[in-house]
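Quick one: the structure is below, questions incoming.
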2 protein chains.
Amino acid sequence: MKIGGTAYRSIWREGEDKSVKIIDQTRLPHEFRIVELATLDDAAHAISTMRVRGAPLIGATAAYGFCLGLLEKTDDHAIHEMSRKLIATRPTAVNLRWAVREMQDLLWPMPEEVRLEAAWQKAALIADEDVAINSVIGDHGVPLIRAAFEKKGGKGPVNILTHCNAGWLATVDWGTALSPIYKAHDAGIPVHVWVDETRPRNQGAHLTAWELGKHGVPHTLIVDNAGGHLMQEGLVDLCITGTDRTTASGDVCNKIGTYLKALAAKDNGIPFYVALPGPTIDWEMDQGVGSIPIERRDSHEVDYVRGLDAAGNVGEVRISPEFTSSANYAFDVTPARLVTGLITERGVAPATKEGLKALYSSSVPVFS
Amino acid sequence: MKIGGTAYRSIWREGEDKSVKIIDQTRLPHEFRIVELATLDDAAHAISTMRVRGAPLIGATAAYGFCLGLLEKTDDHAIHEMSRKLIATRPTAVNLRWAVREMQDLLWPMPEEVRLEAAWQKAALIADEDVAINSVIGDHGVPLIRAAFEKKGGKGPVNILTHCNAGWLATVDWGTALSPIYKAHDAGIPVHVWVDETRPRNQGAHLTAWELGKHGVPHTLIVDNAGGHLMQEGLVDLCITGTDRTTASGDVCNKIGTYLKALAAKDNGIPFYVALPGPTIDWEMDQGVGSIPIERRDSHEVDYVRGLDAAGNVGEVRISPEFTSSANYAFDVTPARLVTGLITERGVAPATKEGLKALYSSSVPVFS
């Protein structure tokens, strides 16, 4: 999407460069810094320090990491070492393992001398496919926003609430939850986004607000406590969030706090949509609550808040007493009964086993 | 309640001192600083800068403010000026206006020479009555906590979730929502409190965690997003919050985000109680949503977070991009249908018009 009128992706290679570029997301929203990744270690470091984050973007970065590693060595042992190093950066990331396996499967059978060029092509393909999937998710979501606009008699913006960051910064481009919003905005439908700050890591305040603002999409930052009141007051027309894992029956595991917004949407008769690419569906799992393991992260994220201090430096402040301990649950599960629909690259499905099956039972690929 | 084993109130006069003392709540939790108020201006400044906050404590501080003013001048014009100055500190605070009226009504008819002594007595009475009311609220709430403990077969602590600060720091002592918790803890019932940090002002992280910890009550800080997940996982036995205004039919206006926790409690079959002194009931109002005016505060509170920086100083960091605007709604309304019961100084009532009427129809005062 655009920054100051110029189109960007979250990771890119310029021409035949022997490196790739990323946006350092740990500096956002206070500093826009492009960083060059020239070695495998650069790529691994960018993932482990969260300069890049978001499942699809981590996968693409790992794929490009192989290319950078192959610039140095192309033998089998080197490929094994690259895989090990990349997977160690975020041990639980599903897309990371998937991308590493894709690269391994491609490279092992090949003669050494063609591996580098094949890797560059495959990494570009992985990135392009992510962009294509997210673009189509956006296309399928636009009619929902248009319908909300027409329901309002074409008056005023469509007010959309989102939680966390499922925007282009979490993917290679477009995003998942934000893709329909960008497409609607670009198509001239007036939209306004309520951005949950999304404690503890504040991805809403740091990333979603930044990328929406840079692309020119009207938005307002709110604390995570505010959404229920806004819905009671008729100030939200629909909700769209992303998801990290969706069960076969439509339960949605997403950033902690998503469940509370889905409850409020239900209580106020407001549509609650979740946008996702097919690969995040866990066909082996039915019931999400109690089954999906919920990551507990370092309590430091709860105790401290990062931001720009009075001197203009990015720093942290501790909000709690030194004797108070905290708990940091990273995700929660929104039961399918609270989800109006799932926006996928194959269309919009009801959040039911039948709904998902109907979309995905055909094995015809959407992209050739 | 206790700090390091010593009993404190949030405002107090030592013997026949010509001043009162408060705890500077803007320094908590990072610094425990007692401040002496020696003049009317000191008292007004303490209220306007939120060194004291919480409706009952503001009322008591205003009452003592009259005493401090009368140390200088005791004529009618001076009393008029004191009233004006105190009310201007927090124009919308109901308890502040009530305390000012109480003092005026007492002082006008009196000869000048007895006004000071009468004011000291009245201010002490206002403070003592607040303590007594809150203590009785606690007594009425303890059986609910004991019942939860017995329901668990006497195993493990009773896990209670609270939002914002309705503890002794918001009143003169005991608090409202936290009063039953202190009483249960002191009575030997094992309790553990989930403390919502309560963005944007973080009263949970700054004040509730501090006062619980100092009194020795086990507690864990969580982000406002986490409560729903904890309830789904069976980690919350009951919720207790305070309220700023309760309608005649039991709708509860409280700190923004309370409604979301009440929805989650309902969805998971967890009791949701609200603790309140009778005077916060608005008998003129039935339906809360859409009727109670919701204060919109400065967006600075959303954009910035206060805490202790790396150098050990209390400072602020900005979390959002400079081009992003934010909205700051201070309260929301929890419909009575989501409230299990109202814990008052007259007992526990169902959150219905009939329930409240039954408790308050008798005019027999609880305290003589």
Side-chain angles (χ1 to χ4, degrees), chain A residues 28-30 194-195 197-200 202 205-206 209-210 213 219-230 232-233 255-261 263-264 267 289-290 294 302-310 314-329 331-333, chain B residues 28-30 194-195 197-200 202 205-206 209-210 213 219-230 232-233 255-257 259-261 263-264 267 289-290 294 299 302-310 314-329 331-333:
Chain A
L28 295 175
H30 307 296
W194 294 109
V195 178
E197 63 176 346
T198 320
R199 281 278 289 149
N202 278 340
H206 292 166
W210 185 84
H219 65 284
T220 304
L221 179 68
I222 48 173
V223 295
D224 301 310
N225 284 321
H229 171 67
L230 294 175
Q232 287 180 314
E233 296 287 318
K255 186 66 54 196
I256 191 84
T258 304
Y259 167 53
L260 294 171
K261 294 302 141 59
L263 282 169
D267 199 46
V289 178
I294 301 297
V302 174
D303 301 334
Y304 291 81
V305 174
R306 182 171 70 81
L308 202 66
D309 67 18
V314 173
E316 285 183 337
V317 292
R318 183 179 172 102
I319 60 165
S320 53
E322 83 284 351
F323 53 74
T324 291
S325 62
S326 60
N328 187 7
Y329 299 86
F331 304 97
D332 64 19
V333 177
Chain B
L28 294 175
H30 307 297
W194 294 110
V195 178
E197 62 175 347
T198 320
R199 281 276 290 149
N202 278 339
H206 293 168
W210 184 84
H219 65 283
T220 303
L221 179 68
I222 49 173
V223 296
D224 301 310
N225 283 322
H229 171 67
L230 294 175
Q232 286 180 315
E233 296 288 319
K255 186 66 53 195
I256 191 83
Y259 167 54
L260 294 170
K261 295 302 141 59
L263 282 168
D267 199 46
V289 178
I294 301 296
S299 62
V302 175
D303 301 334
Y304 291 80
V305 175
R306 182 171 70 81
L308 201 66
D309 68 18
V314 174
E316 285 184 335
V317 291
R318 184 180 171 101
I319 60 165
S320 53
E322 83 285 350
F323 54 71
T324 290
S325 62
S326 60
N328 186 7
Y329 298 86
F331 304 97
D332 64 19
V333 177

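Heavy atoms only: backbone and side chains are in, while hydrogens, waters and symmetry mates are out. Just so we're on the same page: letters track the sequence lines, and every chain starts at 1. Treat the numbers as computed from the prediction; the structure is a model and nothing was measured.
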| What residue, out of A:Glu316, A:Arg306, A:Lys255, A:His30, has the most heavy-atom pairs lying under 4.5 Å from chain B? | A:His30
| remark: Rounded to the nearest 0.5 Å, the CZ atom of B:Arg199 sits from the CD atom of A:Glu197 at a distance of 4.0 Å
| Contacting moiety of A:Ala310, where chain B heavy atoms sit under 4.5 Å |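 Backbone only.
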| Highest number of heavy-atom pairs under 4.5 Å with chain B: which of A:Ile319, A:Leu230, A:Val195, A:Asp224? | A:Ile319
| Would you say the side chain of B:Leu260 lies within less than 4.5 Å of the side chain of A:Lys261, judging by non-hydrogen atoms? |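 Answer yes - side chains close enough.
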| query | To the nearest 0.5 Å, what is the distance between OH (A:Tyr304) and OG (A:Ser320)? | reply |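 That separation rounds to 7.5 Å.
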| task | Give, for atom CZ of A:Phe323 and atom NE2 of B:His219, the distance between the pair rounded to the nearest 0.5 Å. | result |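 NE2 of B:His219 is found 5.5 Å from CZ of A:Phe323.
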| Are the side chain of B:Asn202 and the backbone of B:Val305 linked by a donor-acceptor contact shorter than 3.5 Å? |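 A pair under 3.5 Å: no.
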| Excluding sequence neighbours, so at least two apart, what forms side chain to side chain contact (heavy atoms under 4.5 Å, CB included) with B:Ala226? | A:Ile256, B:Ile222, B:Val223
| Residue part contacting chain A, namely of B:Phe331, when any heavy atom lies under 4.5 Å | backbone
| query | Where does B:Glu233 contact chain A at under 4.5 Å (heavy atoms): side chain, backbone, both or neither? | reply |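 For B:Glu233, the side chain is the part near chain A, not the backbone.
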| Between B:Leu221, B:Val333, B:Asp267, which has the largest tally of heavy atom pairs under 4.5 Å with chain A? |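 Of B:Leu221, B:Val333, B:Asp267, B:Leu221 has the most heavy-atom pairs under 4.5 Å with chain A.
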| query | Does any heavy atom of chain A fall under 4.5 Å from the side chain of B:Leu28, the backbone, both, or neither of them? | reply | neither
| query | Would you find a donor on one side and an acceptor on the other, under 3.5 Å apart, between the side chain of B:Asp309 and the backbone of A:Val317? | reply | no
| said: Counting heavy-atom pairs closer than 4.5 Å to chain A, which one of B:Asp303, B:Thr220, B:Asn328, B:Val314 comes out on top? | reply: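 Most pairs with chain A among the choices: B:Thr220.
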| message | Among B:Leu263, B:Thr198, B:Val289, which residue has the highest count of heavy-atom pairs closer than 4.5 Å to chain A? | response | B:Leu263
